[in-house]
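Structure, as structure tokens:
Residue numbers start from 1 in every chain, and the chains themselves are labelled A, B, ... in the order their sequence lines are given, proteins ahead of strands.
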Amino acid sequence: MSRYTPAEIEARWQDVWSKNEVFKAARSADKPKYYVLEMFPYPSGRIHMGHVRNYTMGDVIARYKLATGHSVLHPFGFDAFGLAAENAAMERGIHPKDWTYQNIDDMIAQMKPLGFSLDWSRLFATCDVDYYGQQQALFLDMLEAGLVYRKNAVVNWDPVDMTVLANEQVEQGRGWRSGALVERRELTQWFFKISDYSEELLSALDTLENWPAKVRLMQENWIGKSRGLQFAFSTIDAPDGHHRIEVYTTRPDTLMGASFVGISPDHPLAKVLERDNAEVAAFCAECRKGGTTEEAIETAEKLGFDTGIRVRHPFDTAHELPVYIANFILMDYGTGAIFGCPAHDERDFEFATKYDLPIIATYLPSEDASDVLEAAYVPAKTEKVFYNRGFAGEPHQTGLEGIDAAIDFCEANGVGQGVTKYRLRDWGLSRQRYWGCPIPVVHCDACGVVPEKKENLPVELPYDVSFDTPGNPLDRHPSWRDTPCPSCGTPARRETDTMDTFVDSSWYFARFTAPKADTPTVMEDAQYWMNVDQYIGGVEHAILHLLYSRFFARAMQITGHLPASAVEPFDALFTQGMVTHEIYQTRDANGRPVYHLPEEVMDGKLADGTPVEVIPSAKMSKSKKNVVDPLNIISSFGADTARWFVLSDSPPERDVEWTASGAEAAFKHLSRVWTLCDRIAAMDKDAAGTGDEDLLRAMHVCIHDVTMGIESFGFNAAIAKLYAFTATLQKSRASHAAQREAIMTLAQLMSPMTPHLAEDIWAHQGGEGLVTTAPWPRADDRMLVSDTVTLPIQVNGKRRAEISVPVDMPKEEVEKAALADQAVIRTLDGATPKKIIVVPGRIVNVVV
RNA sequence: GCCCGCGUGGUGGAAUGGUAGACACAGGGGACUUAAAAUCCCCAGGCAGGAAUGCCGUGCCGGUUCGAGUCCGGCCGCGGGUACCA
């Protein structure tokens, strides 16, 4: 008997697939197309188990679709621009380009042994000049279409390194390298007008039926449509030009509870005051300390500064409210000014308590409730409350009714108007960095901002740059930066900002349909291959990447690069979980944690006997050293084992914990299947057997279950069925013909998960052609039904017995049979059933 | 802070509102072997019991239902996102 030797088998079949170009995508007139795409990876240099899992899932779908007669597009590439390459350059003196391409080569070498059904001929990286040059063309078209503009926006400024920091480079308000306190600073930046599409992006979510509901909900909340009232307070003692302060509120029904007006430190009025008043300037400077993230701003201590300016309440002009500059008000949302109603908002309550402002309830749980509040009263908007200081609508109404009534009343009385606003902000794409796609515009003293001519594209990144000083090397590269103005020809300067890497990943799926074209896309190919039928990736991309891509598809349609049918580019989305592993930790002399790789740990100890603390599974990360190198797994057990394991142990949308023993078990199972194939091949071809019918029935049930499993992303359940069927086949005494049919079908059903082993079994049993291209087996419905069924009998919802009855037994008969059961009689103990519920084929419940 | 998820044996997990724990790992017992490895067979949620069986049990508290792991409300814990990580 031969042994299962994946190293030899896997290389052989990969070679066969490659020579036969089995996975080369080609448009076909007579086959339905299927485009499956996994979110492309960042080229860190090493593939990890998360990649293996992500691509294995996509591969199962791709191979299944190939077997069910589709013309399949399953491409692969790299999201290759980004910060890490510049960090490597600064830390190790490697050029970002060299570092990135070396990593890409390494990762391709690690991907290939996994035997994925990828069309490698379509490979590209977003840092390829071919790709980003086309992206620049796209940008120019979008600029012309009015989808791009410039405005000021805040960035994290490191005052020591004199450079802009990414949010992740700000640690507890300080620059990660310099340790200096980070400040928020304004720069003129490029923006995509995604906010023009807020309503469209929101309403189209309803059409995305094959997206997870949670992702649609997250996007809905992110877009944040709200209806509210916009109106102005008239000011007292305010500087010229600020006689009114425009505010936006989603709770106009609380207007009678207003106790202060708050403006953002970046509000125009604040800026005027800052100029003439050192105290205000100091306060605003204080507010600008720290990072730009919503989290940093929202969790910071609420600070306010009384400007001394007062406003009049619109309905009671004798009532004056103070105007505060407050650090928690964002200039980006609404008008950058609010009125505070401490009684019904937790933040305002905290603020009012701190600055000793009145807390005036406008509604209460009931008429007799006290209006002295210990905390903000914030009931659901759908809850009916009593308006003790209502001014519109009924005294007893829900918040929603109160809001509508308040808007109507205010409009009728000339106090502002009802408006719809969105939380979604325009997409800032400028990055003050080298390793990204250059923004193809030129700044000319005479002509202003001038788009580069298309015939001058690509604007290629210069190679001769250095990273010995902080900041953007493009900024200090005169020979690259200085260029004639495309319009007037006089000396001018290139834009030195590069694009956000989200731009790169917002259209790569479209580029895969014509990766070599000298235009961004080719309409014929886009028409044929789009949309992506199944997109697979991590839920961490639920909002930004997926929302930007949806916007880009629209922008590409407007600029003629995608058909109208592709404005929602991803028909179905699946978000898979992470691969996790236990963390092994010891402590150094100072008590600080020291992490150890899994292979350094044996039986809970290091090689020198030091006991190791085991921390429960967490996402695999280099810093925690809880990583398993796919290459080690492949060299010990083969790619099929790695693929089988990452699918078998957890549902795909959840995290999977990598365990060495689990991987070993997967290998053992595949070896068993191999041995089983050998044994069947060696059987006497003419020998009679028993149980052919039973074996074939089990086989058809397995075909049905595995097919359903794959179609519904129930890979772990499909694999459980394959385990069960393998056990059945192993024990079978059926004829050779039946067993051969069973093992060949098993090979087909396993082929999306363990394609190399499946090919080998197929060939061993004399199968025609490749199992990869053999038509997917069909379950015979007649083989799926059995004539009896086991019914559990409950008494008052507790299971007490079970009976076996013919499938088609009428309800009355089933009732009789259930009541005749000894255990049921014993449990009833003479009691008369009030009701008997019979769910055909499922259960009987006797209620007493 | 805000938005979105998730929580089931020792472990990973299974279960269209219908027998909770499929399948697998670790564990225990056995067969084969001079022995070990490998392989095969059996047991296995907790408590009580020799067993039959009974009671308890899906993070916690409450609700809807003939019936809840599943639906609803409130908590707790963990994870993801929070617009310059990708």
Worksheet item: Is the NZ or CZ atom of A:Arg150 both under 6.0 Å from the centre of the six-membered ring of A:Trp190 and within 45° of that ring's axis?
Response: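 Because its charged atom sits under 6.0 Å from the ring centre and within 45° of the axis, A:Arg150 does stack over A:Trp190.
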
Practice prompt. Establish, for the pair A:Arg184 and A:Trp157, whether the NZ or CZ atom is under 6.0 angstrom from the six-membered ring centre and no further than 45 degrees off its axis.
Written response: no

[X] has an atom [atom1]; how far is it from atom [atom2] of [N], in whole Å?
X        : N     : atom1 : atom2 : result
A:Met39  : B:G81 : CE    : C1'   : 13 Å
A:Glu298 : B:U82 : CD    : C1'   : 10 Å
A:Leu546 : B:G80 : CG    : C1'   : 14 Å
A:Lys668 : B:C25 : NZ    : P     : 8 Å
A:Glu168 : B:G81 : CD    : C1'   : 15 Å
A:Ile223 : B:C4  : CD1   : P     : 14 Å

Fill in: Pairing residues for A:Lys151 by the salt bridge (charged side-chain N to carboxylate O under 4.0 Å, His left out) criterion, not counting sequence neighbours
none

Discussion item. Say we look at B:G5 and B:G10: how far apart would their P atoms be, to the nearest angstrom?
Written reply: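 These two P atoms come out 29 Å apart once rounded.
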
Discussion item. Using atom P in both nucleotides, what's the gap between B:U33 and B:A26 to the nearest angstrom?
Written reply: 25 Å

Practice prompt. Check side chain to side chain contact (heavy atoms under 4.5 Å, CB included) between A:Asp196 and all other residues, then give those that pass, not counting sequence neighbours.
Written response: A:Lys193

Residue [X], side-chain atoms from C-beta onward, closest of [options]:
X        : options             : value
A:Leu424 : B:A86, B:A83, B:U19 : B:A83
A:Arg799 : B:A83, B:U19, B:C25 : B:U19
A:Leu544 : B:A86, B:C4, B:C23  : B:A86
A:Asn167 : B:A14, B:G81, B:C85 : B:C85

Worksheet item: Looking for any heavy atom pair under 4.0 Å, which part of the strands does A:Gln432 touch: base, sugar-phosphate only, or nothing?
Response: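 Contact class for A:Gln432: base.
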
Practice prompt. Using a 4.0 Å heavy-atom cut-off across all strands, classify A:Val170 as base, sugar-phosphate, or nothing.
Written response: nothing

Worksheet item: Is a donor-acceptor pair below 3.5 Å formed from side chain A:Glu295 to base B:G81, judging by atom type as modelled?
Response: no

Fill in: Mutual orientation of the aromatic rings belonging to A:Phe351 and A:Phe328 [parallel < 30°, tilted 30-60°, perpendicular > 60°]
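Perpendicular.
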
Discussion item. Quick check on B:G57: is either OP1 or OP2 less than 4.0 Å from any side-chain nitrogen or oxygen of A:Lys798?
Written reply: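 It does not, given that no N or O in the side chain of A:Lys798 lies less than 4.0 Å from OP1 or OP2 of B:G57.
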
Discussion item. Could you check whether A:Tyr535 and A:Phe509 have their ring centres less than 6.0 Å apart?
Written reply: no

Item to complete: Sugar-phosphate atoms are those with a prime plus P, OP1 and OP2; base atoms are the rest. Using that split, label each nucleotide of nucleotides 66-71 of chain B B, S or - for protein heavy atoms under 4.0 Å, 5' to 3'.
Response: BS----

Worksheet item: In chain order, what residues pass the side-chain hydrogen bond (donor to acceptor under 3.5 Å, both in side chains) check against A:Arg185, with sequence neighbours excluded?
Response: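 By the side-chain hydrogen bond (donor to acceptor under 3.5 Å, both in side chains) rule, A:Arg185 matches no residue at all.
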
Worksheet item: Residues in side-chain hydrogen bond (donor to acceptor under 3.5 Å, both in side chains) with A:Tyr422, at least two apart?
Response: A:Glu199

Worksheet item: Syn or anti for B:G9, with syn set at within 90° of 0?
Response: syn

Worksheet, complete the sentence: For RNA chain B, the dot-bracket notation using Watson-Crick and G-U wobble pairs below 3.5 Å, [ ] for pseudoknot-type crossings and | for other-strand pairs, is (((((((..(((.....[....))).(((((.......))))).((((....))))..(((((..]....))))))))))))....

